[in-house]
Amino acid sequence: MRNRALGVLLLLLLCACGEREGSVPTLTVSGSAVGAEGEVLSRQIRRFMAENPGLRVTVQRVPDDATQRHQLYVQWLNAHVGTPDVLQLDVVWTPEFAAAGWILPLDRFSPGSSDFFPASLAANTWQGKLYALPWFMDVGMLYWRTDLVAAPPGSLDELTALARRGQAAGPRYGIVWQGARYEGIVTVFLEILGGFGGRILTPSGGVAVDSPQAVAALAYLKGQIASGLAPPEVLTWHEEETRFAFQNGNTVFLRNWPYAWALLGKPGESKVAGRFAIAPMPAAPGGEPTAALGGAQLAINAYSRHPEAAFRLISYLIAPERMLERARVVGQYPARRSVYRDPRLGEALGADPAAILAIVEQARARPVTPVWTELSEILQIHLHRALAGQTGTAAALKEARREMEAVLERSGLAPEENP
């Protein structure tokens, strides 16, 4: 009720802030606008306005919580409100918003896309059309203790062996990851699933979550808990609980996102400062290293009065120099491949760009479908039940497939034949 009331209030404010006849056109951009992210966005917008004196740009503040932001966007766009003109989208929202007709396809603007990573472009494409452009990237990665392990693991079996050996040297755990029942457990599963050569959905849109590769991936994660490499507590842990376990020296390996890098490296606050590195999650024979793709995209509100100006603003914000600035100020990974060749990036991130690029190149998007939220919620439930020992691995995935197929059928998105 509170979120709904907030949405109605903001909707009324947005509707009341229309431009007066003859005034300078005003664009609004909505997204992360607190802390360092807000500061760098404000600076970049001021420079954009200086270079485009015929435009005024304001930032529409929204909750930083992704769920609350999504709810507000849905309320505004369902009401066909033309502001914010530019929307910051989570990587899994683009197909939902595109299928609903809430954001514009970008083909009419002839956006150059060759500099972006294929996984990011795939995540922002719906029915053959590009609807958003990547702003910055987030990828799942493996943190490892350089004082306990000589080199990152080259396979999942080696990861197990190194975790066990490192654990014997003192840390309580061999590895920790996000296993609570939320989107995090799905991204962890996606990475191990890719490592075994499996997929959640097939290229044609059929459900493949109970394939032999998927059963092997889930059994691998379950085995880490059963063997004591990962603690049972991971089934209640999110990003921060796992970060603290690594930061306090209690684990050999950590699966997490790039944000943890700077926090883990703080002398005096982190027991592993100067004694860790990053690598891609390794794979099993027949699979490939996989990094779950996250990050933010910029899209144009389908009801904006100024779509051309909105695209001009997006083009400015996603230019290489602005991405480099975000890397320096916020520590966010650039979405353009060319920025990784810039010698300034290493200093900006405080990490080796080649090591980062090796992970980013393994990025894989979650299934690109308007009903991903529903599919993910189903998968979260059954993954968690299997890992907690409440159901068998194969049985959990078989039931997940049945329920996911029902959602696709109900939504008219099921392929003619499921595998």
Side-chain angles (χ1 to χ4, degrees), residues 35-37 138-156 158-180 182 184-185 187-188 191-192 221 223-282 289 291-292 294 327-333 345-356 358-360 387:
E37 281 194 77
D138 219 1
V139 285
M141 58 181 60
L142 186 68
Y143 290 81
W144 55 284
R145 290 275 298 274
T146 55
D147 58 330
L148 298 175
V149 178
S155 69
L156 286 172
E158 189 178 0
L159 172 59
T160 298
L162 291 174
R164 184 171 289 114
R165 191 182 310 160
Q167 188 179 14
R172 294 173 61 189
Y173 319 126
I175 187 169
V176 294
W177 32 266
Q178 298 77 48
Y182 76 119
I185 195 174
T187 59
V188 171
E191 292 169 0
I192 304 302
L221 289 171
Q224 289 187 339
I225 298 175
S227 67
L229 284 183
E233 289 85 355
V234 295
L235 297 181
T236 65
W237 284 0
H238 304 74
E239 283 79 5
E240 282 297 84
E241 292 94 338
T242 59
R243 175 178 70 84
F244 281 120
F246 191 81
Q247 183 171 306
N248 291 332
N250 290 328
T251 185
V252 185
F253 290 100
L254 160 70
R255 184 274 173 199
N256 213 313
W257 302 92
Y259 87 95
W261 174 269
L263 299 170
L264 296 172
K266 289 185 175 180
E269 297 183 23
S270 171
K271 293 182 179 179
V272 298
R275 296 187 287 129
F276 68 92
I278 54 174
M281 184 67 70
R328 183 174 63 252
V329 176
V330 191
Q332 291 167 340
Y333 288 0
L345 183 62
E347 182 179 353
L349 291 174
D352 179 10
I356 295 171
I359 302 170
V360 170
L387 292 171

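Values reported hereafter were calculated over all heavy atoms of this structure, with side chains retained and with hydrogens, waters and symmetry mates removed.
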Exercise for the section: List the atom of I359, the atom of P280, and the distance in Å for their closest heavy-atom pair. Expected result: CG1-N, 3.6 Å
Problem - Distance, nearest 0.5 Å, that separates CZ of R172 from CG of N248 - result: 10.0 Å
Exercise for the section: Apply side chain to side chain donor-acceptor pair (under 3.5 Å) to W261 and list each qualifying residue two or more places apart in sequence or on a separate chain. Expected result: none
Practice task
Taking all non-hydrogen atoms of both residues into account, name the closest pair between V252 and A163 and its distance.
Solution key: CG2-O, 4.0 Å
Exercise for the section: Check G140 against R255 and note the closest heavy-atom contact, atom names and distance. Expected result: CA-NH2, 3.5 Å
Could you list the donor-acceptor pairs under 3.5 angstrom formed by side chains in residues 227-236, with sequence neighbours left out?
unit_1 : atom_1 : unit_2 : atom_2 : d
S227   : OG     : G223   : O      : 2.9
S227   : OG     : Q224   : O      : 3.3
T236   : OG1    : E233   : O      : 2.8

Practice task
Work out which heavy atom in W144 is nearest to a heavy atom in P152; give both atom names and the distance.
Solution key: CZ2-CD, 3.4 Å
Practice task
Please examine the side chains of I175 and L142, heavy atoms only from C-beta on, and report whether any two atoms are closer than 4.5 Å.
Solution key: yes
Practice task
Say whether, by atom type as modelled, one donor and one acceptor occur between the side chain of T242 and the main chain of W177 under 3.5 angstrom.
Solution key: no
Exercise for the section: Supply the atom-to-atom distance F244 CZ to N250 CG, rounded to the nearest 0.5 angstrom. Expected result: 12.0 Å
Exercise for the section: For the pair Y143 (side chain) and W257 (backbone), establish whether a donor and an acceptor sit closer than 3.5 Å, ignoring hydrogens and angles. Expected result: yes
Handout entry: Check: Q178/T187 side-chain N/O donor and acceptor closer than 3.5 Å
Key = no
Practice task
Kindly write out the residues that satisfy side-chain contact (heavy atoms from CB on, under 4.5 Å) with E158, not counting sequence neighbours, or none if the list is empty.
Solution key: P153, S155, L162
Practice task
To the nearest 0.5 Å, tell me how far L264 CG sits from K271 NZ.
Solution key: 13.5 Å
Handout entry: Residue E347 excluded, over 12 heavy atoms near CD under 6.0 Å
Key = no
Problem - Between CG on residue N256 and CD1 on residue I278, distance to nearest 0.5 Å - result: 11.5 Å
Practice task
For the pair Y173 and W237, name the ring-plane relationship: parallel under 30°, tilted 30 to 60°, perpendicular over 60°.
Solution key: perpendicular
Practice task
Please report the shortest heavy-atom distance between A169 and L148, naming the atom on each side.
Solution key: CB-CD2, 4.0 Å
Problem - Exam field: side chain Q247 to backbone E269, donor-acceptor pair closer than 3.5 Å - result: yes
Practice task
Supply the atom-to-atom distance Q167 CD to T251 OG1, rounded to the nearest 0.5 angstrom.
Solution key: 7.5 Å
Problem - L156 versus P282, closest heavy-atom pair with distance - result: CD2-O, 3.4 Å
Exercise for the section: Can you measure from CG (D138) to CD (Q332) and round to the nearest 0.5 angstrom? Expected result: 8.0 Å
Practice task
Can you label the angle between the F276 ring and the F246 ring as parallel, tilted or perpendicular, going by 30° and 60°?
Solution key: perpendicular
Exercise for the section: Look at the side chain of D352 and the backbone N and O of A354, then say whether any donor-acceptor pair between them is shorter than 3.5 Å. Expected result: yes
